[in-house]
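Data first, discussion second: the structure below is written as structure tokens.
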Amino acid sequence: MRVGAFSGAAKTRAAKLWLAKKRAVEAGTFASLTNYFHHRGHRETEGNAAKLVSSEDMKAQKTRVRFAPSPTGLLHVGNARTALYNWLFARHTGGDFLLRIEDTDLDRSEARHETQLMEDLRWLGLEWDEGPGVEGPHAPYRQSERLAIYREYTEQLLQESKAYRCFCTNEELEAERAKAVAEHRAQAYSGKCRSIDAERSAERAALGEPFAVRLRIPDHPLRFHDMVRGEVEFASDVVSDPILVRSGSGKTGGVPVYNYVVTVDDALMEITHVIRGDDHLSNTPKQVAIYQAFGWKTPEFAHLSMILGSDRERLSKRHGATSIASFREMGILPEALVNYLALLGWGAEGGTRETFSQEELTREFKLERVTASPAVFDWAKLHWLNRHYLKQAEPARLTELAWAYFEKAGWLPASDGSSAEIEAWFEMVIVLFLPALDQLDQLPEKAKFIFKFDAEAARADEENATLLATESAQKVLEAFAERVGSAASGSVTPEQFKAWMNEIKAETGAKGKELFHPVRIALTGAHSGPEFDKLIPVIETGSGLDLPVHVLSLRERVEQFLRA
RNA sequence: GGCGCCAUGGUGUAAUUGGUUAACACGCCGCCCUCUCAAGGCGGAGAGUUCGGGUUCGAUCCCCGAUGGCGCUACCA
């Protein structure tokens, strides 16, 4: 099924669903999540290091996690795995999984990427409880639509003098950085603008001098707890006062940056566990400082290691296809990909099982068992899992998935203009080649000889020519041609075929490869391929079908081959 | 340069969180099945846990250091 933009009906249904869920929650033990969160948030005094959510809190509180991609490109395996782990954690703990679009990079964010992203998530079976298309109590879920909210919080920080306006120019900052490197120091902002007094600062701003807003990093170490790495600590002097809001009067001027909005949103959306890629680990102290500035309690973190290519470099386009969309196009089944991604950085207790359905994963998945070390992406294992699920899949489903490849090749009619006979036959084709497939898009190449039999090429092949050069091969071919010539085109059954081969065996004395290879080459163009028992019906039935290309019957094949 | 994270066969993960002949899967190799190619069944090779110290009766596991890889060090996310 194709998942497109949401229809109005779907949207309404989703909203109703959410409402119903909300009522159920409110009626139950989690009576007032919002109040609870508020208490929690203000309980902690400024300057305190991040505290673990105690086990009591954990019990009382429903877990809430989010996947927060930026729509700047296609969803790739790394992010998909992050989404999956978030989803699994939410489902395992009975919590909520939210989708939030981080589109504060106005230059690179595109709506079509957002649409594609949601389609990919759905394809993987990762439905979100709140987010675009579903909505929820914390809407909007697109950061570009939350700018007014951030502005309010920035104002508060400025007023409390926890943040300050920075009037430094790019040149000044670059000079600072160069100096820091020369002196073997961390490249942290000097804090030059920290000391500008509030009145003067407001004045300069009013005069139209461009400024960014920076957070004042406190001078105590910034600590947080990470569920896969344990306690992590950063000294405050290596953490630069982070930019909260961009300067300038252009399109991006006044737009807050990632580190800031991610924190504000995670807090406002009551995220309890921030599960994300390793590349954010070094950003976390800045975010912790933001939580502290607001007096909000820090959530639990879980930083997932990177996925690497076979050269141990961060997986990228250089390593070939890595987008979820491309996997789908190749004919990797979503359950195979989900299973594979789950295994990339996580192992079930005991570690002896490899195949898990999404339900089984949900049951067994524990964040504590996620590995901290990076994992190398391995096509061979993905293919193994895909073959596994391909064999499990309903043939009808595969027929539907594979149809497009053949339609595109011009070998099958458009699926809506097809007949039940053709569909049934195509299913036979798929079953025939299934054991030899890593991914569905390999099917046309494997099945090519059925639709496009090339007698000349078969003859021309060197290996074939050698096999056919013997006297025995000639005799076998003649004997076979004689028999197939006497039968009606398209009428040969596997039984008939078997009987003929036995006769030819007796008649010519050829056996084994000697007997079968010439026939196989004449019929398929290659000396290896699927079993004749299954192949014969495919060819003969196919020859009687009304397809865009005529499938040659056994008889026609032999005739063409002898003429070639 | 600074800071952080990571380190078990080729690859992904296990190992009652100090006591194992270091396990499973993928891949590889071989055998069986078979006209062939796959699939399937059976078996095999492949790590002494990056290196060096320490703690301990005993370290894959705890501590320190080194090395290597990766990440961050952006008014990207």
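Protein chains get the first letters and strands the later ones, always in sequence-line order, with residue 1 at the start of each.
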- Charged tip of A:Arg204 within 45° of A:Phe211 ring normal and under 6.0 Å: no
Distance, C1' atom - from B:A14 to B:G53, rounded to whole angstrom
28 Å
Answer for the Watson-Crick or wobble partner of B:A77, both distances under 3.5 Å, is none
Does A:Phe301 have A:Arg276 sitting over its ring (NZ/CZ under 6.0 Å from centre, angle to axis within 45°)?
no
- Query: Considering only the C1' atoms, how many Å lie between B:A22 and B:C61, rounded to the nearest integer?
  - Reply: 12 Å
chi for B:G48 classified (syn = within 90 degrees of 0, anti otherwise) as syn
- request: Would you indicate what A:Leu344 reaches in the nucleic acid, counting non-hydrogen atoms under 4.0 angstrom: base, sugar-phosphate, or nothing?
  value: sugar-phosphate
Out of B:U36, B:C5, B:U11, minimum distance to the side chain of A:Lys513 belongs to B:U36
Taking for A:Gly350 and for A:His184 the nucleotide of RNA chain B with the nearest heavy atom, the one nearer the 5' end belongs to A:His184
NA contact type, A:Gly345, heavy-atom cut-off 4.0 Å: base, sugar-phosphate, or nothing? sugar-phosphate
Whether each nucleotide of nucleotides 69-77 of chain B has a protein heavy atom under 4.0 Å at its base (B), only at its sugar-phosphate (S) or at neither (-) is summarised, 5' to 3', as SSBSBSBBB
- Salt-bridge contact A:Arg142-A:Glu145 (side-chain N to carboxylate O under 4.0 Å): yes
Between CG of A:Leu385 and C1' of B:U13 the distance, given in whole Å, is 13 Å
Mate of B:A22 across any strand shown (Watson-Crick or G-U wobble, both atom pairs under 3.5 Å) is none
Here the distance between atom P of B:C24 and atom CH2 of A:Trp346, to the nearest Å, is 19 Å
Per atom distances to the A:Lys381 side chain, the nearest of B:U36, B:A38, B:A25 is B:A25
Q) In terms of side-chain geometry, is the basic nitrogen of A:Glu368 or A:Lys366 positioned less than 4.0 Å from the acidic oxygen of its partner? A) no
Using the P atom in both, what is the distance from B:U49 to B:U20, to the nearest Å? 14 Å
Quantified in whole Å, what is the P atom distance between nucleotide B:C42 and nucleotide B:C33? 15 Å
message = Using a heavy-atom cut-off of 4.0 Å across all strands, would you classify A:Glu531 as base, sugar-phosphate, or nothing?
response = base
A:Leu477 atom CG is separated from B:C35 atom P, nearest whole Å, by 19 Å
Q) If only side-chain N and O atoms of A:Lys391 are considered, is one of them under 4.0 Å from the OP1 or OP2 phosphate oxygen of B:G40? A) yes
Applying the 3.5 Å cut-off to both distances, the Watson-Crick or G-U partner of B:U56 turns out to be none
**Message:** Within 45 degrees of the ring normal and closer than 6.0 Å to the centroid, is that where the cationic atom of A:Arg100 sits relative to A:Tyr141?
**Reply:** no
- Provide the distance between the two P atoms, one in B:C62 and one in B:A15, to the nearest whole Å. 13 Å
If we require ring centres under 5.5 Å and near-parallel planes under 30°, does A:Phe516 stack on B:C35? yes
### Task
Identify whether any heavy atom of A:Gly347 sits under 4.0 Å from a base atom; if not, whether one sits that close to sugar-phosphate; answer base, sugar-phosphate or nothing.
sugar-phosphate
Does A:Phe561 have A:Arg557 sitting over its ring (NZ/CZ under 6.0 Å from centre, angle to axis within 45°)?
no
Re B:C51: Watson-Crick or G-U wobble partner, both distances kept under 3.5 Å, found to be B:G65
Quiz item: Just to confirm, is there a sub-4.0 Å distance from OP1 or OP2 of B:A15 to any side-chain nitrogen or oxygen of A:Arg369?
Solution: yes
_Distance-only side-chain donor-acceptor flag, A:Asp219 / A:Ser236, under 3.5 Å_ = no
Paired to B:C31 by Watson-Crick or G-U wobble criteria (both distances under 3.5 Å) is B:G41
Item to complete: Flag the pair A:Asp226 / A:Leu281 as yes when at least one side-chain heavy-atom distance between them is below 4.5 Å, and no otherwise.
Response: yes
Between NZ of A:Lys511 and P of B:C35 the distance, given in whole Å, is 12 Å
(Q) Measuring only the C1' atom in each nucleotide, how far is B:C32 from B:A39? A whole number of Å is fine. (A) 14 Å
Distance under 6.0 Å and angle within 45° of ring axis: A:Arg223 vs A:Phe234: no
Taken to the nearest whole Å, CD/A:Glu349 to C1'/B:U16 is 10 Å
Are A:Thr169 and A:Glu172 linked by a side-chain donor-acceptor pair shorter than 3.5 Å?
yes
Applying the 3.5 Å cut-off to both distances, the Watson-Crick or G-U partner of B:G9 turns out to be none
Between B:U60 and B:U8, how far apart are the two C1' atoms, rounded to whole Å? 7 Å
Whole-Å distance, A:Leu434 CG to B:G40 P, equals 11 Å
note: A:Leu535, atom CG; B:C37, atom C1'; distance rounded to Å ~ 12 Å
Across every strand shown, the nucleotide meeting Watson-Crick or G-U wobble geometry with B:C72 (both distances under 3.5 Å) is B:G2
Separation of B:G12 atom P from A:Tyr85 atom OH, nearest Å, is 13 Å
Sorted by position of nearest nucleotide on RNA chain B, 5' first, the leading residue of A:Leu437 and A:Trp384 is A:Trp384
